[in-house]
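One structure below.
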Amino acid sequence: MNLAVKKKILDKIKEYDKIFLFRHVRNDGDCVGATKGFKRILQLSFPNKKIYLIDTETAEYLRFLGPEDAPVEDKEYSDALGIVIDTASEARISNKNYKLCKEVIKIDHHIPLENYGDIIWVEEERSSACEMIADFYDTFKDELKIDTEAATYIYTGMVTDSGRFKYEGVTGETMRKAALILDCGVDTEKLYANLYLEAFGYLKFKAEIYRRMQITENGVAYIFIDKEMQEQFNLTLEQASACVGTLDSIRDAIAWMVFIENGDEENSIRVRLRSRFVHINPIAEKYRGGGHACASGATVYGWEEAEQLLKDADAHVKEYKETHEGWL
Ligand code: AMP
């Protein structure tokens, strides 16, 4: 699929001696796995090229994958190729120095709200950006090299972004690429121990979520996690945000969301929206966000606007239920 654009990307990579990889803010398993995995594949395949991945942010639960490169001077970017992975819009690119690169390539699987870059390879139907990197490797495997380290990064993204191969976007193609990557020697027991195991205190927080969670009339489950609750359980914003999956298995809720108070002066609240059957991204897009059909993010200001978003989501789910069959 998309052979011509992939070929263009490989040719560009060959053309440059220096390459910088970029990903999105609030990084997750997919953007971290895809950038680290692609970097490793390129390093193994083109040992004479300088390949950098510079990002000051690393999600706590992904620290086991190791650190990124130290920052370099701005002038280093000017003769380099930039490859931005898993990032739909420029505003979400974490290292803003992508702008200094001579040329930029976008590789992504999000719904494209906006396009940027000199070469664009977007496949919305892919369950993860890592699946695209696996596909890129598969397409050119006669020319590219991979090892267990690269495969572990890529497999991490495939596993996390697909909800452990559970979400709608998972296809036979996903599994074929996963099989290829798994055959490179990924230690799944160790990987799952790093991804699944949770601190005792965090499970207590989850218990509180189950105690406080609510559901709207038409089936949107939600919870407000204000600063007080974050302090009570001694949580970082990232830890508080990670709980969205806790609400994912309520029979009557085909959409669910968490509202996390950021604690800034503007009273901004991060919203993480998830759904099954019904697509929730139109609601995210209405509130300064976007993402995937069934997994999006948004930002609201103040609890009143949060309530408004909930009302819209409830009406959206109601309409879906009235006009569709097939949900439980
Ligand atoms: P989150 O709940 O923040 O993990 O977001 C779910 C998905 O939506 C991720 O793939 C994000 O990259 C994407 N997303 C989150 N916030 C935004 C936004 N403001 N604009 C576009 N996409 C977003």
Side-chain angles (χ1 to χ4, degrees), residues 22-35 55 57-62 84-95 106-116 122-133 156-164 166-170 195 209 220-225 236-248 255-262 264 266 268-276 278-301 305-306 309-310 312-313:
F22 301 90
R23 60 195 185 200
H24 62 77
V25 291
R26 280 186 188 146
N27 54 50
D28 57 16
D30 193 25
C31 78
V32 171
T35 47
D55 190 352
E57 215 191 343
T58 303
E60 196 57 43
Y61 74 101
L62 296 168
V84 188
I85 310 181
D86 196 37
T87 313
S89 58
E90 288 186 81
R92 287 179 56 77
I93 302 175
S94 60
N95 176 355
K106 176 189 188 186
I107 300 177
D108 190 26
H109 74 127
H110 291 94
I111 298 165
L113 298 175
E114 158 202 315
N115 264 326
Y116 60 86
V122 174
E123 291 189 18
E124 275 174 61
E125 61 287 356
R126 293 281 186 187
S127 67
S128 62
C130 279
E131 186 184 317
M132 295 177 73
I133 300 303
T156 300
M158 295 188 81
V159 163
T160 52
D161 237 38
S162 66
R164 291 31 170 177
K166 197 174 68 180
Y167 297 157
E168 195 193 10
V170 174
L195 291 175
I209 290 177
V220 179
Y222 65 95
I223 176 148
F224 295 132
I225 304 179
T236 62
L237 276 174
E238 183 198 326
Q239 288 167 331
S241 308
C243 72
V244 62
T246 313
L247 302 179
D248 72 356
W256 56 100
M257 48 194 67
V258 291
F259 297 82
I260 306 111
E261 190 175 21
N262 285 320
D264 52 20
E266 301 159 295
S268 73
I269 296 163
R270 176 182 183 190
V271 195
R272 305 192 77 194
L273 307 90
R274 301 290 185 268
S275 60
R276 67 178 73 81
V278 61
H279 290 173
I280 202 68
N281 61 303
I283 305 297
E285 283 166 28
K286 188 171 170 192
Y287 292 89
R288 310 167 192 90
H292 304 286
C294 293
S296 340
T299 304
V300 293
Y301 293 90
E305 196 177 23
L309 185 153
L310 261 178
D312 285 344

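In what follows, every heavy atom counts, from backbone to side chain, and hydrogens, waters and symmetry copies are set aside. In listed order, ligands and their atoms are each counted from 1. Since this is a predicted model, take the numbers as computed values, not measurements.
At the top of the distance list for atom 10 (O) of ligand 1, counting protein heavy atoms only, stands His110 NE2, 2.7 Å. Scanning the protein heavy atoms around atom 13 (C) of ligand 1, the nearest turns out to be Gly291 CA, 3.5 Å.
Summarising the contacts of atom 14 (N) of ligand 1 with Ser128, Gly290, Cys294, the nearest heavy atom is found in Gly290. Scanning Arg92, Arg272, His24 for the heavy atom closest to atom 12 (O) of ligand 1 points to Arg92.
At a 4.0 Å cut-off, not a single heavy atom of Ala88 sits close enough to ligand 1 to count as contact.
Proximity of a side-chain donor or acceptor of Asp30 to a complementary backbone N or O of Cys130 within less than 3.5 Å is detected. Remark: the backbone N or O of Leu247 is not paired with any side-chain donor or acceptor of Tyr222 at under 3.5 angstrom. Listed for the Asp28 side chain is a donor-acceptor partner under 3.5 Å among the backbone atoms of Cys31.
Short contacts between ligand 1 and His292, defined as distances under 4.0 Å to a heavy atom of the residue, involve ligand atoms 10 (O). Within ligand 1, the atoms closer than 4.0 Å to a non-hydrogen atom of Ser296 are 2 (O), 5 (O), 6 (C), 7 (C), 8 (O), numbered from 1 in the order shown. Which parts of ligand 1 touch Arg288 is read off a 4.0 Å heavy-atom cut-off, strictly below it: atoms 19 (N).
By the 6.0 Å contact criterion, CD on Glu285 is enclosed, its count of non-hydrogen atoms from other residues, nucleotides or ligands being greater than 12.
Checked for salt-bridge contact, Asp248 and Arg274 miss the test: no charged N lies under 4.0 Å from a carboxylate O.
To the nearest 0.5 Å, atoms OG1 (Thr246) and CD1 (Ile209) are separated by 4.5 Å.
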